[in-house]
Student: 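Got a structure for you, written out below as structure tokens; questions coming shortly.
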Amino acid sequence: MAAGREHFGSSTAATLAMAGSAIGLGNIWRFPYMVGEHGGAVFIVVYLLSALLLSLPIMLSEAVIGKATHAGTFGAMERLAPGSRWKWLGLLTVVTPMIILSYYSVVGGWSLRFFGEAMARGFDAGAESFFGRFIASAWGPLVCHTLFLALTAGIVLGGVKSGIERFNKISLPLLFALMLVLMGYSLSLPGSRAGVAYLLRPDFSKLSPSLVAAAMGQSFFSLSLGVGTILTYASYMKKEDSILRTGIGTAGFDLLFALIAGFVIMPAVFAAGIQPDAGPGLIFETLPFIFAKMGAGAAWLSRAVSILFFFSIVIAALTSSISMFEVGVAYLVEERKMSRTGAVLLLFVLTWSLGALCSLSFGPLSGTRILGERIFDLCDRMTSDYLMTFGSLLFVLFAGWKMDRARVRSELGGDGRLFGVLYFLIRYVAPLAIVAIFISNLIL
Ligand code: TRP
């Protein structure tokens, strides 16, 4: 291990950090609206399958590369395949999380704003138009984006152990407890049973290629795959810690959280008699409306729930945004020999600027289209449809075909049969499936 390189204190801490990266807006914001857009339980079934057969092998590939080298993406590739072009592909995966962070921080800012609103006033009649009015303005969202990014940078500045590790250790268990309370509340609402049925009874007639591609894409996003986040975090693991345990633990927690978020949101949506297919605005438009409606009965309860809900989202988003930030910091500190503070400042300026454009693209810049899309959507689509799938392909090919089998075997651990299955998934199934998603994203 490079002298002075930080690492996580234990295998549990590493799992918590990876789970913190995985669990985020992807679970609480994106997963529920994707389920709603794609017909409920059938999406969940495909999602579970792709998490197991596809995302887990990709995740383990990334982790193996990171842990074998104890370096960030760029350095890892250079160490395992010196002098080859792989390192430039490694660099690509340093850029991707910065683009994701730019727009992620905008949504993180919205969550902050909603948390503030829940604290200060609570939601009342007219709540459903609050979101639309808010994102169309220039300054509010910009200020919130700045705040969210500053919080992220502040935690990352603290370092791996005292910043990232400590924050995740406190916030994840808290988040888990909060979500359970919210689920209990949601399930207790009259009329929530229809929402439960919607999540549990698959209607296989809704199955389609675009549903499969969307489910796979969502599972990549949710597990932070293909951009070097998992690689970088795994590189902070100690030699004796098990990747297999950490990987399976992370994927398991992430799934659990997505499902819990589904059971928080859908029963409430159905109880309020709202359509589940509202799209990306689902939690920001529908939920305040639901809170406002419930507020008529027990104002304090709906107020408390709305505060808890948006607080949870902010925390979940932060544990993920710090992981994206850390990828860039690791690169600048280790490969460019910058100081941690300098790296954090530089990345702050870069991601803030792109994020500001994303934020303004709902307001003053809404007329500006690049390739026919608004800037925010362009960043989102470019990363989740292409760069992340491309990065994932790169990692499985690297672990499956470029790295020595014995090296992968020894890093991964576990018994021989399990390794055989995983290695087969890494070498053949995952690359083929990723190429298929890529093509379907291009033509669908
Ligand atoms: N997985 C996180 C979520 O579900 C988002 C995230 C963190 C991410 N790091 C990432 C997404 C890297 C893509 C790439 O919210």
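Computed from a predicted model, the values in this text were never measured in an experiment. If you read the sequence from its start, that first residue is 1, and numbering goes on from there. Whatever order the structure lists ligands and atoms in, that order sets their numbers, starting from 1.
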Student: Does Y104 reach ligand 1, in the sense of a heavy atom lying below 4.0 Å from it?
Tutor: yes
Student: Select one of side chain, backbone, both or neither to describe which atoms of M388 lie under 4.0 Å from any atom of ligand 1, heavy atoms only.
Tutor: side chain
Student: Quick one, W110 with F114, criterion ring-ring contact (aromatic ring centres under 6.0 Å, His included). Give me CA distance, side-chain angles, the key distance, then yes/no.
Tutor: CA-CA 6 Å; W110 297 347; F114 273 68; 8.4 Å; no
Student: Any side-chain heavy-atom pair from L207 and V45 closer than 4.5 angstrom?
Tutor: no
Student: Check this for me - ligand 1, G26, N or O atoms closer than 3.5 angstrom, yes or no?
Tutor: yes
Student: Just to confirm my output: which protein heavy-atom neighbour is closest to atom 4 (O) of ligand 1, and how far is it?
Tutor: A22 O, 2.9 Å
Student: Please check whether V227 reaches ligand 1 - meaning an N/O of the residue sits under 3.5 Å from an N/O of the ligand, judged on distance alone.
Tutor: no
Student: What is the closest protein heavy atom to atom 2 (C) of ligand 1, and at what distance does it sit?
Tutor: S21 O, 3.2 Å
Student: Looking at F176, W29, F31, which one forms a ring pair (Phe, Tyr, Trp, His ring centres under 6.0 Å) with F257?
Tutor: F176
Student: Provide the number and element of each atom of ligand 1 under 4.0 Å from a heavy atom of S222.
Tutor: 1 (N), 4 (O)
Student: Given side chains that start at C-beta, do those of L255 and Y47 come closer than 4.5 Å, heavy atoms only?
Tutor: yes
Student: Could you tell me if R113 sits above the aromatic ring of F134, with its cationic atom closer than 6.0 Å to the ring centre and no more than 45 degrees from the axis?
Tutor: yes
Student: Where the closest heavy atom to atom 8 (C) of ligand 1 is concerned, which of S224, S384, G391 has it?
Tutor: S224
Student: Taking the six-membered ring of F221 (Phe, Tyr or Trp), confirm whether the NZ or CZ of R30 is under 6.0 Å from its centre and within 45° of its axis.
Tutor: yes
Student: Would you say ligand 1 has an N or O under 3.5 Å from any N or O of L25?
Tutor: yes
Student: Are any of the heavy atoms in P97 under 4.0 Å away from ligand 1?
Tutor: no
Student: Determine, step by step, whether E411 and K239 satisfy the salt bridge (Lys or Arg N to Asp or Glu O under 4.0 Å) criterion, reporting the C-alpha distance in whole Å, the side-chain angles of both residues, the deciding distance to 0.1 Å, and the verdict.
Tutor: CA-CA 9 Å; E411 287 297 342; K239 209 75 240 124; 3.7 Å; yes
